[in-house]
Structure formats: C-alpha cells, structure tokens
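A short worksheet on the structure shown next.
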Amino acid sequence: MLQQTIDESLYSRQLYVLGHEAMKQMSVSNVLIVGLRGLGAEIAKNIALAGVKSVTLYDPNPVSVEDLSSQFFLRPSDVGKAGVTRASATAARLAELNAYVPIKVLDVATLDKETLLQYKVVVLTHANLSEQLRINDITHDSGTHFIAADVRGLFGTVFNDFGSHFVCKDTTGEQPHHGMVVSVTKDKEGLVTTLDETRHGLEDGDYVTFTEVQGMVELNGIEPRRVTVKGPYTFTIGDTTSFSDYTTSGVFKQVKQPKELVFKSLRESQKNPECLISDFGKMDRPPILHVAFEALSQFEEKHQRSPRARNDEDAEAVLALALPLLQARGQALEGEEATKLAHWLIKELAYQATGDLCPMSALVGGFTAQEVLKACSGKFHPLQQHMYLDALEALPHNIRKLPESEFAPTGTRYDGQISVLGKSFQERIANTREFLVGSGAIGCEMLKNWSMMGLATGPNGQIFVTDLDTIEKSNLNRQFLFRPKDVGKFKAETAAAAVAEMNPDLQGKIKTFDQRVGPETESMYGDEFFAGIDGVTNALDNVQARLYMDSRCVYYRKPLLESGTLGTKANTQVVVPDLTESYASSQDPPEKSIPVCTLKNFPNQIEHTIQWAREQFDALFEKPAANVNQYLSQADYLASLQSAGDSGFKHQVEEIKTYLVDERPQSFDACIVWARKKFEENYVNMIKQLVFNLPPDAKTTTGQPFWSGPKRAPTPLVFNPQDELHVAYIVAAANLHAFNYGLHGSNDAAYIAKVAAQADVPVFTPREAHVQVNDNDPVPSDEGNAAEEQANVEELVASLPTPSSLAGYRLHPAEFEKDDDSNHHMDFITAASNLRATNYQITPVDRYTTKGIAGKIIPAIATTTALATGLVNIEMYKLLDDKKDIEAYSNAFVNLALPFIAFSDPIAAPKNKYNDTEWTLWSRFEVDDMTLQEFIQYFHDQHGLDITLVSGALAMLYADFMPPKKKEERLAMKMSTLVETVSKKPIESHVSHLTVEIMCDDRNGEDVEVPSVTIRLHK
C-alpha cells in the first residue's frame, strides 16, 4: 500500500519538484547505503530529507580521525570509541533530519542475497570493484536497483543498474505543454494550428490529447495522438479524414509517455561502458578514468591499502595496471598528447586516492541521491550507466613543485584535504575571511562544506553570516542544519551553532547578523567590513539582493561566488575581479506578465484565474484595512493622497467609508452575508454584465465571432449552498472579513451555508457599458464633469467619521501567508480562482497547485542544493589559489532530471576604451574631495577628458548646458557640498566615499563611456 498522505507543510517545496505520486512511491521504498564516509553520509542525508520509507546504514568500520575530513555526522568524540562504528555513530544524528524516515543500522557479517533483496535500492560507496561486481551480480534484474559511487580527491564516479526493464514514468519532469487550437485540417496529416501568442513547445514523438474542440468533436477525449512538429505553431496528429469538420475552439495538452530503459549489469558494462559526458570540454576523459578506477581498485585489493598521497612509486604501479586494461579494451593511445593525458589522469587519481574532499562528496552525493530517488519513484531519466568527472583545475598551481612530505598525514581531521591540496594550502583555507549572505538551503550546505574544509579555522580566519529570516517548518526538508526544535529561531545563529558543533575548530570563528544587506545597512556593511573580508558567497533567493551584492563586490573588488537552484536545475557562477564579467552583466529576461484585460475579462488558463484571485485577496482583505488604519493614525493622510494627485483618491475614500462605516460588521453572521454578496458580485453580476455587453454571438468589426481563439464566453453561476466549492468560498471570505475586524470566525460549513442561503441579495440589472477588450483601449470611466466629481469627493470626505472619534480603533490587514493552513488565505484563493475558472469553463485545480502558483513557490530539493554548493566550493579552491587564467574557472549548468551537467568558462569582463586607456567594469577613477571646478580641470589635465555632465545621489549635479549663474555657484562648491546641496540630504557620518558618474568628450571631441568616479572624503 502506498502512503496516502504526504506532509505538505514539510515537503511543500519538494512536492513541486517530484509530485505526489513520486513521493508516495518513495514512501514505500527501503534504501540500503553501504559505506559511511563523506560520500555515503551525503547520500544518506539527501534521501532521508527526501522522505523514503527507511534508510539502512551498513559500515562496520570504527571511526577514525581521517573520517572527519568530510563525514559531517561524525564527531571527534566518536573516534576510536569502543563498539562505535561509522554506521552507528551516523545513525543517531541522521535520524534527527526527518521524523518520517526510520534510520536503521545493519548488523551482518556479509551482504548476502537474502539481505540485499530486502531493499528497493542498494548504494555502494567507496567499495572495491570486486565487491561491486559481487553485489551487482545478486541484484541485477532482481527488482533491487544498484548504484555504486566513489570520490577520490578531485575525481568522482557513479554507476547505475536498474535492471533490464526499468520504466521511467516522466523523463524530464517539465510541466506538460498545452495551448489553444485555432484550426485542424480534415486530411491524412491532420494539421493542427495553435494560437500564435505562444509556441506549442512540442517535439516529434510527443503525444497530445484534446478537449473543448467544436465541430471535430471526435478529437475530444480520444487516445493520445502522436505528434510530428511542422513549425513553432503547427503540428500533425495523423489521419482525420473520418472526423467531422472542425469549426472552432479546442485545447491540446501533452501527455507524458512512460519509457522503458534497459540497463546492463556492471560485469557486462565494465567491458564496454556507456558514459554520460559530464564536461564537454573533457569528452576524451571518461574512457581513461573508467580504466583508471579499475586499476586503482586492483592496486588496493592487491596491497590492502590506497596509494600514498603524491607518491610516484605507487602512482607508477597504478599506471602499470591501467595500461594493459586500456589495450585490452581497444583503447590504445594514439599520439603523444593522448598518451600524456592518459598517464597524467591515471597518476593523478593514484596521487589523490586517499583524498577526501567535502565539496566533491557534496557534488557526487547530490547527484547520486537523485539517482536513488529516480530508482524509487520512476520520476526523471536515470543515468545510463557510468559517469566520471574530475575537477583537476582546482589543484594549486605549484603542486608539482611540492615535496611528497607536503601531503603526508598530520593526524588531524583535515588530512583528507591535505593529501590532495597540501599543508600550505590548508593554512590558506584556514585563514580565509568569507562573507556568506543567506543561511537557508544553500547557506546551510555552504557552512557544512566550510566546516569540513576547515575554512576560517586559523588564527586570522573568520566567517560572517547574515540572514534576517527565522526558521519555518517547510525549511526543514532541505535546510538540513535545522531541527523541529529550531522553528522560530534566527537562521544565521542556528546554522552557525550547528556547524560549530560539527567542527569545534569553528568555535568563536563565526559572526552572525540578522540585518538585511542593502542600502539601509551600509553603515554596518561598509568600507571597514569589506576591507576585512577576502570574498563573498551568495546564498540568496531573489534577484534584487543578488544584484545589490554584485554591485558591492564590484565596488570593493571582491570575488563573488553565486549559485541558484530551481527544482532539479542549478547554476553556479564565479565572479573574479579584473578577470570576469559580474553577475549583473547578463540577466534572464523579465517574467512575462498577464495582460490586465485578460485578467479582468478574458481568462483562458488557470494561471489567469489564480492571479485574479490573488489580487482579489489583497483588494478585499489587506489594502482596505491598511488604508483605514492609515486614515485613523495619520492626521494628514487624505490631504497627502489628494496633493499627490492620486487618480484613485475618490475610490480610496469610498473604500475607507465602506470598510469603516457602511459595511462594518458587528457579528460573524454579518461577515457571512458580506461574503455571500461578494460571491454574487464576482461570479454572477460581473459575468452577467460582461455577456450583456458582449453576448455569446457578438461579432468583431471584421465580422468574426468575438468569443473565439483565446476568448471564452463566460457563464454566470447560481449560488448553491450544497456545492462544496461555493460554500468553501463563503467560509474563507467570511472568516477573513471577520479577521479584519477582530471578530471570532467559524469553520462550521453547514451553518455558514445556511446563513449564506438566507442572505438578502440585491437584484442585479445589467446596463450598457464599454468593455476594455485590449490593454491599449481607454479604461472605462464612470466620472461625470469635474465640478460634480469634486463635490462628490468633498461630500464623501465629510461623511467619514473623524479619527479622534475612533481613537485606538484599528482593523487587522491580512498579510498573505501561504504556509499557514489555518488562516484561510489559500482556502480563499483556491475557491476564488476555481469559481472564476468555472465561469470560463477552465478546468479547476487543487489547493496544492494553486498554492504553488499564487505563492510563487520556487521548487526545491536537497539533492540539487548539495550538488550546487559542491560546485561552488570547488571554485572557492581556485579563488584561494588566486588563479589568473580565466579558463581555470568554471560556471556550471545542471539539470539532474535529465541528467545533464555542463561547464563553461566565465565570460571575460568586456573592455572599453577612452583615448588610449582600456577599462572594464572593475575600473574606476579615484580622487580626493575637491571643488567641481578642480574636478573638471583634473580630468581634462590628467585623463584628456572634458566633462559635460556629472550625476550622483540620484540627481544631476552639473551639466554644461546649465544657466551660467547656476554653473558658477556649483563650480565653486566642493563635490561633497554639491551632493548635499542638490540632494538636500546630509552625507551620513559613516560614509567615507561618494560615487558619481560622468559624461565626457575625449581628445577628439567624441562622446565616450568612462568608469565611475570615487571621491574620497576626509573627515
């Protein structure tokens, strides 16, 4: 039996990635993880958070100090403790992550067939090839899916075997395409033409179904038909000659088709591997790494140890084992370059075999955990079958010059990192000062990585973390440093405490803030603060904050590590001073908005009705109450509105009078009656008025039916106290109205329906009126002549009660909160949207779908977050090495659903030029505070630039076209005085510099772009 209920308050963000069906499949899947070093812990963490039925751990090895390099569930107190294994020490702390997922420890001498086949998925980490083959021989085609993964230094590998008949139910996870039909031909091809507002988005081989087709009604509800794409707005569906003639309308919807995948066993696949290309700049590496890992396994089985770090003798021994394997697999090395590459990769793997880097475990562990979830649910396309990756660009630039002793064990928790990067590089990591902006999902993962890396643990190291948010229940599913007991606490403080407990070396090394980073806090995060940090890492969830931090990093010339996730998709970007473009240099296009006339009169998609309902929520329950409160608390509120020329002044006064006097309820029953009248206004009267002015048979000026294409003719509703949707609207609206007035509400639907049915509803009579058909049409107005209108407004204002007569009285605005299931907010929006959808014959959707759209919820899952932060911290290694070659850095684009990973070089900062001087976005002029006259003369003499305009403080400070008297006054002023005079605001005491922009002509008299100017203030 599938679990029937999913805790949506916990899994809300993940549900928008996976869906309920996949989550239910996961909830009956038992997973075994073998090997609990850093990689095993990462996988276990991610799938426990995701919500499988159970996670069983198997690793009978005792805890050693080396394990602390990346195993964030282990503590120094676990090392060498009698009777404590990696599995048992991990289990208790892993169990804290998700109360719905039992964590078990497997206590057997060997993994036999009876044991293995109890699990839906078996994951082997850090196991030699012989053990992988033995276990996969048992699991192949048994119904138990097999995954093997390993991380060695900056190398990683993953292998999948889900059997020879694995069904993938949804290969991409993308929302099915849908759209409106304009025509369908009656012929052998059946050419469908869609509305030209949006591309249909289909591909050859997709399947679609149809609804609402008129004329060719045979298309409605038939089996899905296979598509052949003819263009962005056309596709064929096959023979339609036996159907009726198409007349109008219709909606197509893509139907996802399951795909059966065939996996080879590891034994078979080992000889002829099918590899995912994880880096298109390294397409020749997977075959070499496949053999290199096999040779490494042979060495370890033979010697019962890993090759020693940077030991040439051991590396040569691994190479000697690998070369015959390459030959046997038909991969003879051709050419000097191919030979050099193979020898280098194989020896590097041997050099790094004892390495244990948390960022690599995060990267490979996030990827592997998503493969586990695919095996459990059939959701998304699994890896077929091998993946190999490396991040060798992160090695210190001078590594080949360092002696073997630089990489020898030191007996500390950082030995796994030292064996790859060296002791001196570890000191550099330890003495880094980094600013983390945000401590949510990405922030938690970032701090976990940093604690394992030993970032800022040295005498000069420091981590600064800021986040103004507090912890909510929905955070617990992916922000793994938080526990149920932490709900309500500040994120930054809680996360800092958690990682300091994880690595005691961080005690006292993390300073937290709960103030937003922005213009209003520049006195806190100013010159002194930025002078004291080495770089910034963003862990933000909105573009505006990212842009602001980017601008600060550009100004202070600090490197920036940027990342973001959206469901199974992730991207990372590294911004390097004087080398790369900044985050702001390229941006996504703005989100397409819904036309106002579509929302108001012509919705044709559920997104339109949900947006309308969301705006209704604000218009009924938030804005009016807020306006009333401002009227009651601000003596000059109405005067300030009127003096500002607010075109909605009359409406706002009417609204205040309505909410404060005319419709102020004295009981909850009055709120029910109010809600009943709102139902009538919005779903009956409004629709009657629209179809009165534009009847179903209305024609356009060209004689075509008006109600065609995207325009659907609506039908008014008739209130029915037996209809659950009708009553749901009344219950939610009445309770929210009661909340506004501080009245006690009720959830007694039967009583509320009875009162609503008995309400006295005024009879509505439609009238002639103009309907706004397009956004460019003039907005209909009911205003009469100006004199009458002014008299009406004055009469309205005079009828308002004086604020003093209601001293202390306030309404309670309902500020939209999507994650509180008891506040009726989402209940109202769901009901309001679905009622309007019913008006327009749009298929209603459930509360869960409505919440995602209305709340603009960003889909999120722990696997993607872990992988993204792993990629970011690999780039941090490069920044700490101060690499100057732009090709050493990588931006990444990932979609774990496909799966797809691509890397690209950062884009170089574009170069501009004035006179003979080149400059980039990282350049700026720096001058002392001086008079404007001196300022202009300085640029003429020193840079050959004649200033024509100076701007700053959101104002024009100087222009050569100004009147002579004003120019003369300003030229005599110091720049700081000029800024204060023009902006009419004093420069705050903490400000040590001003930034101004200048427009100039070069020596040839041509207008040129130049850098901004920083004016140093001497105080």
* Structure fact -> CE (Met876) and CD (Glu434) are apart, to the nearest 0.5 Å, by 3.5 Å
* For atom CD of Glu815, is the number of surrounding heavy atoms from other residues, nucleotides or ligands below 6.0 Å larger than 12? -> no
* Does any non-hydrogen side-chain atom of Ile277 lie less than 4.5 Å from one of Met283? -> yes
* To do: Any chance you could lay out the side chain to side chain contact (heavy atoms under 4.5 Å, CB included) test for Leu880 and Phe425, step after step, and finish with the verdict?
  => CA-CA 8 Å; Leu880 295 178; Phe425 196 85; 4.0 Å; yes
* Asked: Does a salt bridge link Arg433 with Asp534, judged by any charged N lying under 4.0 Å from a carboxylate O?
  -> no
* Atom pair CZ/OG1 of Arg13 and Thr565 - distance to nearest 0.5 Å -> 12.0 Å
* Do Trp450 and Ile463 come within less than 4.5 Å of each other through their side chains, counting heavy atoms only? -> yes
* Asked: Mind checking whether His940 and Phe935 have ring centres under 6.0 Å apart?
  -> no
* Output yes when a side-chain donor or acceptor of Thr917 lies under 3.5 Å from a complementary backbone atom of Lys913, and no otherwise. => no
* Asked: Counting only heavy atoms not in Glu203, do more than 12 fall under 6.0 Å of its CD?
  -> no
* To do: Look at atom CD of Gln175 and say whether more than 12 heavy atoms of other residues, nucleotides or ligands are closer to it than 6.0 Å.
  => no
* Between Asn1004 and Glu1006, is there a donor-acceptor pair closer than 3.5 Å when you use the side chain of the first and the backbone of the second? -> no
* Would Gln937 and Gln933 count as having a side-chain donor-acceptor pair, cut-off 3.5 Å? -> no
* Just by modelled atom types, is the Asn601 backbone N or O under 3.5 Å from a matching donor or acceptor in the Trp612 side chain? -> no
* Asked: Would you call Arg516 and Asp467 a salt bridge, taking side-chain N to carboxylate O under 4.0 Å as the test?
  -> no
* In Å and rounded to the nearest 0.5 Å, what is the CD to CD distance from Glu562 to Glu875? -> 13.0 Å
* Heavy atoms, side chains only, cut-off 4.5 Å: are Tyr889 and Glu393 in contact? -> no
* Asked: Under 6.0 Å between ring centres, would you say that holds for Phe939 and Phe925?
  -> yes
* Asked: Going through the distances and angles, do Ile886 and Asp905 end up as a side chain to side chain contact (heavy atoms under 4.5 Å, CB included)?
  -> CA-CA 7 Å; Ile886 197 169; Asp905 295 339; 5.5 Å; no
* Looking at side-chain heavy atoms only, is the closest gap between Leu566 and Ile858 below 4.5 Å? -> yes
* Could you tell me whether Glu1009 atom CD has more than 12 heavy atoms of other residues or ligands within 6.0 Å of it? => no
* To do: Please determine if Arg552 forms a cation-pi arrangement with Tyr525, meaning its NZ or CZ atom is less than 6.0 Å from the six-membered ring centre and no more than 45° off the ring axis.
  => no
* Asked: Looking at Phe816, is Arg614 sitting on its ring face, NZ or CZ under 6.0 Å from the six-membered ring centre and within 45 degrees of the normal?
  -> yes
* Value rounded to 0.5 Å, distance of CD1 in Ile399 from CG in Leu395 -> 4.5 Å
* **Heavy-atom pair of closest approach, residues Tyr938 and Met930** => CB-SD, 4.4 Å
* Asked: Parallel, tilted or perpendicular: which fits the ring planes of Tyr914 and His943, with parallel below 30° and perpendicular above 60°?
  -> perpendicular
* Do Asp929 and Ser976 meet the criterion of a side-chain donor-acceptor pair at a distance under 3.5 Å? -> yes
* Asked: Quick one: do Asp960 and Lys967 make a salt bridge, cutoff under 4.0 Å?
  -> no
* To do: Taking the side chain as every heavy atom from C-beta outward, state whether Thr864 and Lys569 have any atom pair closer than 4.5 Å.
  => no
* Apply side chain to side chain donor-acceptor pair (under 3.5 Å) to Gln611 and Glu615, showing your working. => CA-CA 6 Å; Gln611 178 63 27; Glu615 292 179 5; 3.0 Å; yes
* To do: Determine the minimum heavy-atom distance between Leu921 and Ser585, stating which atoms define it.
  => CD2-OG, 3.7 Å
* To do: Look at atom CZ of Arg1016 and say whether more than 12 heavy atoms of other residues, nucleotides or ligands are closer to it than 6.0 Å.
  => yes
* Aromatic rings Phe435 and Phe513: how do their planes relate, parallel, tilted or perpendicular, breaks at 30° and 60°? -> perpendicular
* To do: Would you sort out whether Asn895 and Thr568 count as a side chain to side chain donor-acceptor pair (under 3.5 Å), showing the intermediate values?
  => CA-CA 5 Å; Asn895 187 344; Thr568 59; 2.9 Å; yes
* To do: Go through the side-chain N and O atoms of Glu980 and Thr977 and say whether any donor and acceptor fall under 3.5 Å apart.
  => no
* Give, for atom NE2 of His177 and atom OG1 of Thr198, the distance between the pair rounded to the nearest 0.5 Å. => 10.5 Å
* Lys NZ or Arg CZ of Lys511 over Phe464 ring: under 6.0 Å, within 45° -> no
* To do: Please assess Val576 against Leu879 for the test side chain to side chain contact (heavy atoms under 4.5 Å, CB included), listing each intermediate value before the final yes or no.
  => CA-CA 8 Å; Val576 188; Leu879 287 174; 3.9 Å; yes
* Asked: Where do Thr521 and Gln515 come nearest, in terms of heavy atoms and distance?
  -> CG2-CB, 4.2 Å
* Looking only at side chains, do Tyr583 and Asn538 share a donor and an acceptor under 3.5 Å apart? -> no
* Check: Phe530 main-chain N/O paired with Lys558 side-chain donor or acceptor under 3.5 Å -> yes
* Spatial distance of atom CZ (Phe961) from atom OG1 (Thr948) [nearest 0.5 Å] -> 8.5 Å
* Close side-chain approach of Val1013 to Val927, heavy-atom, < 4.5 Å -> yes
* Does Asp390 come within less than 4.0 Å of Lys282, counting only side-chain N to carboxylate O? -> yes
* Structure fact -> All heavy atoms of Asp881 vs all of His397, minimum pair found to be OD2-N, 2.9 Å
* To do: For Trp922 and Arg557, work out which heavy atoms get closest and say how close.
  => O-NH1, 2.8 Å
* To do: Salt-bridge test for Lys884 and Asp882: reply yes if a basic N is under 4.0 Å from a carboxylate O, no otherwise.
  => yes
* What is the minimum heavy-atom distance between Thr580 and Pro906, and which atoms define it? -> CG2-CB, 3.7 Å
* Asked: Side chains of Gln573 and Ser563: do they bring a donor and an acceptor to under 3.5 Å?
  -> no
